[in-house]
Amino acid sequence: GSTVTLRILAPPPACHALGGAAAGDAVNNCSLGVRLTRGTFSMLLPGDAEQQELGWWMMTRPTLLRADVLTAGHHGSTNATTADLLNSVQPQAVLISANGRQHPFAEVLSLLAARGIPTYCTADRGTITVRILHTGAWTVSSERAGKCHGRTEFAGGNSP
């Protein structure tokens, strides 16, 4: 009952040929994702994976994407946390690890708010803790009370 399982979501096969000089989107789209489970609870941590890699996971590993809690991809950027991803994951809460200077994007917060998904941002709320009981029941708490604030708005959904 106290076992925690981590499943690795591997990047697409094309990432094996990624050169050492690769940067930006190419590197982000070769991220490792992690799915954590304990009892009936699950949490998806997609790292910096962007739409290309997330789309590949949605095609090849759709059942591994479903999770109670989602850590927003690419710190809450529009190139990662999309309506398609939210449709696949169906999270009951979203955590955003962000520096508060560039991230999270206002568009992502609006998307989450429109769906009524509770959102917790480290930039505004400090340390975020997810507690999971052996039964699978879970809670989210934060160091400070508050609301997530969007830092950047980009037309067209691209990040800097």
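Everything numeric here is computed off the predicted structure, so don't read it as measured data.
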Is the shortest heavy-atom distance from the side chain of [X] to the side chain of [Y] under 4.5 Å?
X	Y	result
His134	Arg38	yes
Leu95	Val69	yes
Ile132	Leu36	yes
Leu6	Arg35	no
Lys147	Asp124	no

Nearest heavy-atom pair of [X] and [Y]: which atoms, and what distance?
X	Y	value
Pro104	Cys121	CG-SG, 4.0 Å
Glu53	Ala49	OE1-CB, 3.3 Å
Trp56	Pro13	CZ2-CD, 3.4 Å
Ala72	Val94	CB-CG1, 4.0 Å
Arg125	Ser142	NE-OG, 2.9 Å

Around Arg144, counting heavy atoms of other residues, nucleotides and ligands shown, do more than 12 lie under 6.0 Å from its CZ?
->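 For Arg144, atom CZ is crowded (more than 12 foreign heavy atoms under 6.0 Å).
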Between Leu44 and Val34, is there a shared hydrophobic cluster once you connect ILVMFWY residues whose side-chain heavy atoms come closer than 4.5 Å?
-> no
Taking a hydrophobic cluster as the set of Ile, Leu, Val, Met, Phe, Trp and Tyr residues connected by side-chain heavy atoms closer than 4.5 Å, whether directly or through intermediates, do Leu32 and Val4 fall within one such cluster?
->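 Leu32 and Val4: one cluster.
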Run the numbers on Thr82 and Leu86 for side-chain contact (heavy atoms from CB on, under 4.5 Å), then give the verdict.
-> CA-CA 6 Å; Thr82 64; Leu86 295 175; over 6 Å; no
Partners meeting side chain to side chain contact (heavy atoms under 4.5 Å, CB included) with [X] (sequence neighbours left out):
X	answer
Arg66	Gln90
Ala80	Leu54, His74
Thr127	Thr129, Glu143
Ala114	none

Nearest-0.5 Å distance that lies between atom [atom1] in [X] and atom [atom2] in [Y]:
X	Y	atom1	atom2	value
Leu70	Leu45	CG	CG	8.0 Å
Leu85	Trp57	CG	CH2	9.5 Å
Thr71	Tyr120	OG1	OH	13.0 Å
Met58	Asp84	CE	CG	5.5 Å
Leu109	Thr78	CG	OG1	11.5 Å

Please list, chain by chain and in numerical order, all residues satisfying side-chain hydrogen bond (donor to acceptor under 3.5 Å, both in side chains) with Thr60, sequence neighbours excluded.
->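 By the side-chain hydrogen bond (donor to acceptor under 3.5 Å, both in side chains) rule, Thr60 matches no residue at all.
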Asn87 meets the side-chain hydrogen bond (donor to acceptor under 3.5 Å, both in side chains) criterion, sequence neighbours left out, with Arg115
So among Ser88, Ser42, Pro46, which one has a side chain to side chain contact (heavy atoms under 4.5 Å, CB included) with Leu65?
->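 That would be Ser88.
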Option from Ile128, Thr81, Thr119 for which side chain to side chain contact (heavy atoms under 4.5 Å, CB included) with Ile96 holds =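 Of the listed options, the one satisfying the test is Thr119.
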Who pairs with Trp138 by ring-ring contact (aromatic ring centres under 6.0 Å, His included), at least two apart in sequence or on another chain?
-> Phe41
Before giving the answer on side-chain contact (heavy atoms from CB on, under 4.5 Å), spell out for Gln92 and Ile117 the whole-Å C-alpha distance, their side-chain angles and the decisive distance to 0.1 Å.
-> CA-CA 6 Å; Gln92 296 174 38; Ile117 301 171; over 6 Å; no
Modelled atom types, side-chain donor and acceptor of Asn79 and Gln51, under 3.5 Å =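 No, Gln51 and Asn79 have no side-chain donor paired with an acceptor closer than 3.5 Å.
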